[in-house]
There are 2 protein chains.
Amino acid sequence: MNFEPPVQRLIDELSRLPGIGRKSAQRLAFHILNVEKADAENLGNAIIEMREQVRLCIRCYNVTAQEQCMICTDVRRDPTVICVVERAQDIAVLERTQEFKGRYHVLGGSISPIEGIGPDQLRMRELVARLDIEGVREVIAATNPTVEGDTTALYLSRLLKPLDVVVTRLASGLPVGGDLDYADEITLGRALAGRKQI
Amino acid sequence: MNFEPPVQRLIDELSRLPGIGRKSAQRLAFHILNVEKADAENLGNAIIEMREQVRLCIRCYNVTAQEQCMICTDVRRDPTVICVVERAQDIAVLERTQEFKGRYHVLGGSISPIEGIGPDQLRMRELVARLDIEGVREVIAATNPTVEGDTTALYLSRLLKPLDVVVTRLASGLPVGGDLDYADEITLGRALAGRKQI
């Protein structure tokens, strides 16, 4: 059975979102039917307005509603260290650690020959352009600990070394609170190779 | 860290939906950032417009964009049998069986003393009013097979019996394709009590 047209239309739209199947879409649609009208409008407008207002920071390609993002315009941040991430959402994860006080650069992905993504499809040139202007001394390659992320980090280090910039990589090893029993052999291997004196 | 205001606002709104935590809300928000602008607008408008256009069918209280729902206005449906459900979304599940050709009545919940819901909070009077007008001969209590649903079905049968209407209940038993091993004892008990000669 199809639902009444406006309900069916919303279910169809919701089903297109990642991780939301038809059943969840139905449940969400009927939930929205039962909330206050103002709440439904808030949600709908939040979607439309976010898509309208948000663009990419002209400096680091983070998402922002201004010309530059909150981090790039924050004068308390250290301009000499840039943390390079694959996607804008990775910034939030790193910020939550409260360990990093520098700025970011969003590459827009990682090198993946299988998907046909080479360095030219990423914002490498834009990164190089920033180094001189901002007086960058260290670039942290915070790409994912995957084959693609590692390849991208390696590419970065080769690209930037001649420019007198230190390129570092996030440490790989056992997750805090984890159990040795459950660690895969590659992670454990890296934890061993990266062991430190205590 | 907070995201830029429009993004954060959408994440907050999405997190209020059932079954969507902060992590899923973030993932959805960033997904919406990356889709075509028109797609984001479609989704946002689908939410707003559904909430604006949809109301309750004046006859059966199903959701509809018209005065009466598609089922109530369908002259091929048998008006003498009414299937009583707790919520409007239950209608879709029953329709999918393609076994039922009558009409529906949405109670708006089930009798639950714990939650303070008695028969007066449900659309019982509205159901009784329909019986005469539509010439109803059978009412199928398709409330959930829970304590509340069973109580509601029992209440319905006592309410309608004096009015010369047959009240029936959906059969309880083993789900088709299920495994005896995994059936709980109450379901299995009902399946035994409701056994049929083959």
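Note that this is a predicted model, so its numbers are computed, not measured. Lettering of chains follows the sequences in order, A, B, ..., and the numbering in each one begins at 1.
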Does atom [atom1] of [X] have more than 12 heavy-atom neighbours from other groups under 6.0 Å away?
X: A/Q68; atom1: CD; answer: yes
X: A/E115; atom1: CD; answer: no
X: B/R137; atom1: CZ; answer: no
X: A/L192; atom1: CG; answer: yes
X: B/D164; atom1: CG; answer: no
X: A/D132; atom1: CG; answer: no

TODO: Heavy atoms only, distances under 4.5 angstrom: which of B/P18, B/G19, B/S24 has the most pairs with chain A? Name it, please.
DONE: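 Most heavy-atom pairs within the cutoff with chain A belong to B/P18.
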Task: Heavy-atom closest pair, residues A/E4 and B/T64 - done: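 Shortest heavy-atom contact: OE1-OG1, 3.0 Å.
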Open item on the list: Within residues 26-51 of chain B, which residues come under 4.5 Å of chain A, heavy atom to heavy atom?
Closed with: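 Checking residues 26-51 of chain B against chain A gives B/Q26, B/R27, B/L28, B/A29, B/F30, B/H31, B/I32, B/L33, B/V35, B/E36, B/K37, B/D39, B/A40, B/E41, B/N42, B/L43, B/G44, B/N45, B/A46, B/I47, B/I48, B/E49, B/M50, B/R51.
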TODO: With a 4.5 Å cut-off on heavy-atom pairs, point out which of A/R16, A/R87, A/Q53, A/Q89 contacts chain B the most.
DONE: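 Looking at each option in turn, the highest pair count goes to A/Q89.
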- [ ] Would you kindly confirm whether A/V139 and A/V85 end up in one hydrophobic cluster when ILVMFWY residues are joined by side chain heavy atoms under 4.5 Å apart?
- [x]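 Shared cluster, no.
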- [ ] Output all residues satisfying ring pair (Phe, Tyr, Trp, His ring centres under 6.0 Å) with B/Y155, sequence neighbours left out; order by chain, then residue number.
- [x]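 Residues passing ring pair (Phe, Tyr, Trp, His ring centres under 6.0 Å) with B/Y155: none at all.
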Open item on the list: What's the separation between atom CG in B/L17 and atom CG in A/L14, rounded to the nearest 0.5 Å?
Closed with: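 With rounding to 0.5 Å, CG (B/L17) is 8.5 Å from CG (A/L14).
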